Student: 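Structure provided below as structure tokens; questions to follow.
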Amino acid sequence: MDDVTAILDHMNPAQREAVSAPQGNMLVLAGAGSGKTRVLVHRIAWLMQAEGLSPYAVLAVTFTNKAAREMRTRLEALLGISLRNVWVGTFHSIAHRLLRTHWQDARLPQHFQIIDSDDQLRLVKRLLKDHRIDDERFPPRQVQSFISGCKEEGLRPHQVDVHGDAYLAQMVELYERYQLTCERGGLVDFGELLLRSLELLRDNPELLAHYQQRFGHVLVDEFQDTNTLQYAWLKLLTGMQTPMTVVGDDDQSIYGWRGARIENIRRFEQEFPGAKTVRLEQNYRSTSAILDAANALIRHNSERMGKELWTEGARGEPISVYSGFNDLDEARFIVDTIREKVEEGTNRREIAILYRSNAQSRVLEETLIRQGVPYRIYGGQRFYERLEIKNALAYLRLLLNRDDDASLERVINVPARGIGTRTVEVLRTRARQTEVSLWQALHDALLDASLKGRAATSVRAFAELIEGLDNDTAGLALHEIIDHVIERSGLIEHHRSEKGEKGQARVENLEELVTAAKAFTQGETFEPPEAGEGAVALEAFLSEAALNAGDHEADEFEDCVQLMTLHSAKGLEFPVVFIAGVEEGLFPHKMSMEEPGRLEEERRLCYVGLTRAMRKLYLTHAELRRLHGKETFQRASRFLRELPEEHLEEVRLRGQISRPVTAGRPAVGLSRQTSVDGGAELPSLSLGQRVSHPVFGEGVILNAEGEGERARVQVSFEGEGDKWLVLGFAKLTPL
DNA sequence: TCCCGATCGCTTTTT
DNA sequence: GCGATCGGGA
């Protein structure tokens with residue numbers, strides 16, 4: 001690019017302002033669909049070309065690998081050069097890079113391993129067992145989230161203020177023990193990557209100075225999602241001197257429950273000297289009807305930084321609202337509508353069904369299957385999280401580090417080789433008492449013959465297997481190591497003999513692991529730091545597997561309807577969007593309804609959902625829903641009422657369109673209807689009639705529609721508000 | 001060691 | 001209603 005101003009071509013004034021602002025702290029408040037990534041990428045290009053910033057002085061941080069990959073790819077495309085060594089990555093991968101480079105200063109063993117949340121949970125469970133702690137009072141998951149929570153707040157055990165609370169004190173003690181176990185095994189969890197790298201910089205002034213000088217500009221994506229630790233990390237790394245460009249949207253902050261601090265973005269202007277804010281409000285995604293609705297909804301939140309989305313585009317179709325009489329009916333409406341759309345020429349991949357909680361997908365899936373509509377669910381288990389893969393990785397970790405207790409315990413008896421829980425118990429006790437790793441304890445036990453008979457034979461065989469694997473794989477290429485390990489350990493055979501298709505799939509996954517390793521060393525799928533031979537490559541591969549567990553996006557080949565939670569839809573867009581289950585208690589979820597702060601986060605989640613739609617948006621809800629195996633009456637979500645009526649349109653299934661019933665006359669189809677079971681007659685009802693309902697109490701019939709099984713009445717209940725009830729289901733008694 | 005049945009609990013997810 | 005988890009029994 002000869003002329004730097006070409007970077008600003010085809011940009012709107014706000015985008016241009018953000019991209020070309022002189023170096024200095026800047027907050028880009030980027031609304032949904034406002035070209036955020038483009039601005040970020042062009043900003044980097046501008047800094048390099050107009051401000052003379054070296055590519056190596058750039059630090060660009062994201063939350064997900066996907067976002068990092070996208071940024072790098074787009075930047076390379078824009079600049080036409082390879083940016084292999086430029087620091088673009090997730091918080092965790094950058095922290096990891098720092099720790100690998102400065103492992104000694106970070107007081108870590110050279111070959112430290114990264115453990116994922118699953119490993120972390122297993123570790124906590126074992127800890128509780130070892131210390132005979134009641135796991136009813138201290139549920140492993142709670143202990144785990146306490147530990148991660150502390151780390152995310154940047155707190156070490158001694159820094160946690162227990163203010164005399166015995167329960168808290170116990171938690172802290174567990175945290176301390178957990179940390180000790182990690183140290184001993186050379187294990188680093190996700191939170192530790194960040195906390196440790198923060199401490200590394202904090203405690204090594206020369207190192208800190210080096211990086212502060214090295215980075216000329218720091219860019220952060222999705223700033224509203226940063227937690228306390230990430231915020232502190234950024235402050236330390238920039239020394240409040242290095243200019244930062246942060247991009248985010250307070251209205252799309254939906255991760256408060258996992259530690260994200262919305263205050264970080266709200267306070268940015270005050271905290272960072274000379275910070276300038278640029279708002280990107282022009283939307284290139286949705287119709288104005290959709291944007292108006294989204295704007296109206298989010299206005300119900302307090303403490304916003306303020307932002308209004310607008311478009312030069314057309315108003316478009318109104319938002320369709322469908323009230324199903326139950327969850328099956330809701331699903332049927334959605335799938336019928338999808339089939340119609342597809343017949344009209346919409347690709348299935350352009351249609352998404354979003355929901356608040358995963359459990360909702362079941363009914364939708366069943367209906368899609370029944371009607372033969374191909375679909376794909378986002379968010380299944382990921383490749384490196386699969387059981388067979390984790391087992392294989394555990395063997396590989398043992399090759400690098402015998403003291404990795406978690407891995408040793410994972411595979412000592414997988415496949416079964418006669419080392420039962422009792423034997424492992426003996427080893428564990430010994431390890432704890434002599435303060436050594438399991439591997440060491442195992443050898444000690446073999447030496448002083450405290451293991452006897454069959455147990456001793458099996459344990460010895462296992463130890464020899466590991467040593468043998470290590471010897472045999474010396475000097476081999478990464479994929480050959482892995483191939484050898486899964487064969488010789490018996491893992492492949494173990495799964496081959498597993499009954500059913502499951503075993504087959506697992507064998508295939510293990511084979512896929514070998515292929516992935518091959519691709520890894522050849523730099524096809526990943527960019528290994530310096531993937532050398534054998535152990536070096538193995539270490540890099542294991543870290544990569546932990547940090548980048550593979551995405552759950554399936555093959556793009558088949559044209560599929562997309563199903564996912566509202567959370568996973570963030571950042572995506574679809575021409576046609578259905579949001580299902582827009583009901584009180586489900587969305588907003590009942591767990592988040594009480595506290596105003598959490599309710600606002602639910603509303604932001606809804607805002608995120610609405611702004612995913614490009615052309616057409618459907619909001620559906622059901623009056624009766626099976627929840628946890630129980631039929632529950634549901635009320636339409638308050639969020640529906642917060643949308644402007646002028647952009648809403650009630651839809652009914654074809655053939656179900658009913659004239660509004662004139663008051664005073666008995667409603668058509670309401671009297672002498674038989675109930676679903678064909679038995680008892682439904683009560684004779686008319687508009688204005690007083691009725692009683694077992695759950696909602698007494699009320700007055702306001703409206704009626706439909707016939708037969710589907711006939712519904714709207715009843716105004718005292719204290720409960722207006723409700724549409726299905727006569728076939730609701731037990732209404734005339735008064 | 002594995003398999004089965006009872007029991008529990010149940011929002012969202014990345015690294 | 002489903003899936004994970006656990007304990008007991010063969």
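Below, chains carry the letters A, B, ... as their sequence lines are ordered, and counting in each starts from 1. Values reported hereafter were calculated over all heavy atoms of this structure, with side chains retained and with hydrogens, waters and symmetry mates removed. What you see is a predicted model, and the numbers here were worked out from it, not measured in a lab.
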Student: Taking CZ in A/R304 as the centre, count heavy atoms belonging to other residues, nucleotides or ligands within less than 6.0 Å. Is the count above 12?
Tutor: yes
Student: Mind calculating the distance between CZ (A/R604) and P (B/dT12) to the nearest angstrom?
Tutor: 19 Å
Student: Let me know the distance between CZ of A/R422 and C1' of B/dT1, rounded to the nearest Å.
Tutor: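 These atoms are roughly 12 Å apart.
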Student: Check the angle between the aromatic planes of A/F138 and A/Y167 and answer parallel, tilted or perpendicular using the 30° and 60° thresholds.
Tutor: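 Aromatic pair A/F138/A/Y167 classed parallel.
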Student: Under 4.0 Å, counting only non-hydrogen atoms across every strand here, what does A/N227 touch: a base, just sugar-phosphate, or nothing?
Tutor: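 It contacts nothing in the nucleic acid.
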Student: Kindly write out the residues that satisfy side chain to side chain donor-acceptor pair (under 3.5 Å) with A/T62, not counting sequence neighbours, or none if the list is empty.
Tutor: none
Student: Taking the six-membered ring of A/W257 as reference, does the cationic atom of A/R598 (NZ for Lys, CZ for Arg) lie under 6.0 Å from its centre and within 45° of its axis?
Tutor: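 No; the conditions do not both hold, so A/R598 does not lie above the ring face of A/W257.
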Student: From CD of A/E222 over to C1' of B/dT13, roughly how many Å is that when rounded to an integer?
Tutor: 13 Å
Student: Can you check the A/R141 CZ to B/dT13 P distance for me, whole Å?
Tutor: 14 Å
Student: Return the orientation label for the A/F578 and A/Y618 ring planes: parallel under 30°, perpendicular over 60°, tilted otherwise.
Tutor: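 Parallel, since the angle between the ring planes stays under 30°.
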Student: Any side-chain donor-acceptor pair under 3.5 Å between A/S637 and A/E583?
Tutor: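 No, A/E583 and A/S637 have no side-chain donor paired with an acceptor closer than 3.5 Å.
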Student: Is A/S568 touching bases, backbone alone, or none of the nucleic acid, heavy atoms closer than 4.0 Å?
Tutor: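 Sugar-phosphate, backbone atoms only, no base.
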Student: Mind checking if A/G191 touches a base, just sugar-phosphate, or nothing, with heavy atoms under 4.0 Å?
Tutor: nothing
Student: Using atom CD1 of A/I419 as one end and atom P of B/dC2 as the other, report the distance to the nearest whole Å.
Tutor: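 Taking atom P of B/dC2 as the reference, CD1 of A/I419 is at 13 Å.
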Student: Walk me through whether A/L438 and A/D404 qualify under side chain to side chain contact (heavy atoms under 4.5 Å, CB included).
Tutor: CA-CA 8 Å; A/L438 278 171; A/D404 182 343; over 6 Å; no
Student: Counting side-chain heavy atoms from CB outward, which of B/dT15, B/dT13, B/dC2 is closest to A/N65?
Tutor: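 Within the option list, the nearest is B/dT15.
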Student: OP1 or OP2 of B/dT15 less than 4.0 angstrom from a side-chain nitrogen or oxygen of A/N548, does that happen here?
Tutor: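 The answer is no; no side-chain N or O of A/N548 sits under 4.0 Å from OP1 or OP2.
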Student: I need the CG-P distance between A/N413 and B/dT1, as an integer number of Å.
Tutor: 5 Å
Student: Decide if atom CZ of A/R202 counts as having more than 12 heavy atoms of other residues, nucleotides or ligands within a radius under 6.0 Å.
Tutor: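 Counting other residues, nucleotides and ligands, CZ of A/R202 exceeds 12 neighbours.
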Student: Roughly how many Å apart are B/dT13 and C/dA4, using the P atom of each and rounding to a whole number?
Tutor: 16 Å
Student: May I have the distance from A/Y255 (atom OH) to B/dT12 (atom P), rounded to whole angstrom?
Tutor: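 Roughly 12 Å, once rounded to whole Å.
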Student: State which residues pass side chain to side chain contact (heavy atoms under 4.5 Å, CB included) with A/N509; sequence neighbours excluded, sorted by chain then number.
Tutor: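 Residues passing side chain to side chain contact (heavy atoms under 4.5 Å, CB included) with A/N509: A/F383, A/R386, A/E388, A/I389.
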Student: Round to a whole Å and report the spacing from CG of A/L566 to P of B/dT14.
Tutor: 14 Å
Student: Take atom C1' in B/dT14 and the same atom in C/dG3, then report the distance between them in whole Å.
Tutor: 23 Å
Student: Is NZ or CZ of A/R604 both nearer than 6.0 Å to the six-membered ring centre of A/Y607 and within 45° of the ring axis?
Tutor: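 Not satisfied by the 6.0 Å and 45° rule.
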Student: Contact boundaries of DNA chain C with chain A (under 4.0 Å, heavy atoms), 5' to 3'?
Tutor: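 On DNA chain C, the outermost contacted nucleotides are C/dG1 to C/dC2.
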Student: Output all residues satisfying side chain to side chain donor-acceptor pair (under 3.5 Å) with A/Q142, sequence neighbours left out; order by chain, then residue number.
Tutor: none
Student: Does A/R100 make a cation-pi contact with A/F112 (under 6.0 Å, within 45 degrees of the axis)?
Tutor: yes
Student: Identify the pairs formed between an N or O of the protein and an N or O of nucleotides 8-11 of chain B at a distance under 3.5 Å, and give each distance.
Tutor:
unit_1	atom_1	unit_2	atom_2	d
B/dT11	O4'	A/H589	NE2	3.3
B/dT11	O4	A/R598	NH2	2.3

Student: With nearest nucleotides of DNA chain B determined for A/L605 and A/E385 from heavy-atom distances, which residue corresponds to the more 5′ nucleotide?
Tutor: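 With A/L605 and A/E385 compared, the 5'-side residue is A/L605.
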Student: By a strict heavy-atom criterion of less than 4.0 Å, which residues belonging to residues 126-137 of chain A are in contact with DNA chain B?
Tutor: none
